[in-house]
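One-based numbering, in listed order, for ligands and for the atoms of each. Note: hydrogens, waters and symmetry copies are ignored here, and every other heavy atom, side chains too, is used.
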Amino acid sequence: MVMLTLSDVGVTLGRRRVLSGIDAQFAPGSLIGIVGPNGAGKSTLARAMLALVPTEGRIEIDGVAPAALPRRELAKRIAYLPQGQSLHWPLTVERLVELGRLPHLAPMSHVAATDRHAIERAMARADVLDLRHRDATELSGGERARALLARALAVEAPALIADEPLASLDPGHQIDVMELLHAEASAGALVIAVLHDLTMAARYCDRLLVVDAGRIAADGPPAAVLTPALLRTVYGVEASVETGGVWPAVTILGRAPD
Ligand SMILES: Nc1ncnc2c1ncn2[C@@H]1O[C@H](COP(=O)(O)OP(=O)(O)OP(=O)(O)O)[C@@H](O)[C@H]1O
C-alpha cells in the first residue's frame with residue numbers, strides 16, 4: 001500500500017515555471033486520471049512524484065520524500081510507464097519485460113521463479129504473450145506500448161504511474177488497458193494515469209485531476225469535474241456532457257469561439 005502526498009509542489013525547468021502550488025493526496029485502491037491540455041504539466045507532475053525532476057515544496061511516499069529513497073527502493077514502490085518511450089537496442093519482448101524485475105534482483109543474480117511468474121503474468125495481462133520472442137524494436141506502436149506496459153506491470157509495485165498508457169492503442173486494447181488499471185486499483189494499488197481521452201477517463205477513473213497551465217484546475221469525481229464550463233476554460237472547446245448513464249459521456253463539439 002502506498003500513500004502519496006504533495007504539498008505546495010512547484011517545478012521549474014530551465015527558465016520555465018512548469019508547476020506551481022500543487023496540493024494533492026493519493027490513496028491506495030484508487031485509479032486517478034491526470035488530464036489537461038498539451039503542455040499543461042501532466043508529465044512533469046508524474047515525473048515529480050518519481051523524483052525525476054527537481055521540485056520545491058513537499059512530496060511524500062508513505063511519509064518519505066521520493067528523492068530520499070534509494071532508486072531501487074523507489075522503483076519497487078512505484079512502477080513507471082513513461083510517455084512514448086522508444087527502444088534503442090534490439091531485445092525480445094520477454095527480455096524487455098524481464099527488465100521490470102531489475103529492482104528486485106540482487107546485483108549479478110538471475111531471475112528466480114517468483115520473477116518468472118511475475119513476467120509471465122505481466123505479459124498475459126498486457127496481451128503480449130504471442131509477441132514474446134519478437135524483437136521489441138520491430139513492433140508496431142501499439143504492440144510496443146503494450147510490451148512497455150507489461151514491463152511496468154512486471155515490477156508488481158503497490159503503485160503505478162502510467163503516462164499516456166492509451167497512446168497508439170486500438171479501441172479494444174484501450175478498453176483492456178483501462179480495465180486492467182482499474183483492476184489493479186480495485187486490488188489495492190494506487191494507480192495514476194495521464195490521459196487525453198476524456199471518455200475513457202470519465203468511464204474508468206475514480207477521480208480526475210485537471211492540470212492547466214501548471215496548476216490544478218479541478219480535482220474530484222469525473223461527473224463533478226467534467227463540466228462543459230471547465231472543458232471550455234481548460235481546453236477551449238465546446239462539449240456536451242451526458243450524465244444520465246453509468247459514466248459521464250463527453251462529446252467534443254468543436255472549438256469554443258474566442
Ligand atoms: N526540460 C525542460 N525544459 C524546459 N521546459 C520544459 C522541459 N520539459 C518540459 N518543459 C515544458 O514544461 C511544460 C509542461 O510539459 P509536460 O510534458 O509536463 O506537459 P504535458 O501536460 O504532459 O503535455 P502533453 O499533453 O503535450 O504531453 C511544457 O510547456 C514544456 O514545454
request  = Using a strict 4.0 Å cut-off to heavy atoms of His196, name the atoms of ligand 1 that fall inside it.
outcome  = 25 (O)
ask   = Which atoms of ligand 1 have any heavy atom of Asn38 under 4.0 Å away?
value = 23 (O), 24 (P), 25 (O), 26 (O)
query = Where is the nearest protein heavy atom to atom 17 (O) of ligand 1: which residue, which atom, and how far?
reply = Ser43 CB, 3.7 Å
task = Ignoring hydrogens and angles, tell me if any N or O in the side chain of Asp23 forms a donor-acceptor pair with the backbone of Asp8 under 3.5 Å.
result = yes
remark   = closest protein heavy atom to atom 6 (C) of ligand 1 is Leu13 CD1, 3.9 Å
query = Are any side-chain N or O atoms of Gln174 and backbone N or O atoms of Leu169, one a donor and one an acceptor, separated by less than 3.5 Å?
reply = yes
inquiry  = Below 4.0 Å, non-hydrogen atoms only: which portion of Arg16 touches ligand 1? Side chain, backbone, both or neither.
reply    = side chain
inquiry  = Hydrogens and angles aside, do Arg47 and Gln83 bring a side-chain donor and acceptor to less than 3.5 Å of each other?
reply    = no
query = Considering only heavy atoms of Gln83, which atoms of ligand 1 have at least one such atom less than 4.0 Å away?
reply = 27 (O)
key: Cationic N near anionic O, under 4.0 Å, Arg125 to Glu184   = yes
query = When only distance counts, is Gly39 in polar contact with ligand 1, meaning an N/O pair under 3.5 Å?
reply = yes
Distance from atom 12 (O) of ligand 1 to nearest protein heavy atom, with residue and atom = Val18 CG2, 3.3 Å
query = Looking at residues at least two apart in the chain, or sitting in another chain, which of them share a side chain to side chain donor-acceptor pair (under 3.5 Å) with Asp62?
reply = none
Whether Gly41 lies under 4.0 Å from ligand 1, heavy atom = yes
task = Keeping the roles fixed (side chain from Lys42, backbone from Pro37), state whether a donor-acceptor pair exists under 3.5 Å.
result = yes
query = Ignoring hydrogens and geometry, is there a side-chain-to-backbone donor-acceptor pair from Arg215 to Gly21 under 3.5 Å?
reply = no
key: Ala40, any N or O under 3.5 Å of ligand 1 N or O   = yes
task = Could you grab the distance from atom OG of Ser109 to atom NE2 of His104, nearest 0.5 Å is fine?
result = 12.0 Å
task = Number the atoms of ligand 1 from 1 as they appear, then name those within less than 4.0 Å of a heavy atom of Pro37, with their elements.
result = 21 (O)
ask   = Contact between Glu164 and ligand 1, counting heavy atoms under 4.0 Å?
value = yes
inquiry  = Heavy atoms only, cut-off 4.0 Å: how does Thr44 contact ligand 1, side chain, backbone, both, or neither?
reply    = both
request  = Look at atom 21 (O) of ligand 1 and say which protein heavy atom is nearest, naming residue and atom and giving the distance to 0.1 Å.
outcome  = Lys42 NZ, 2.7 Å
ask   = Does the side chain of Pro82 come within less than 4.5 Å of Asp163's, by heavy atoms?
value = no
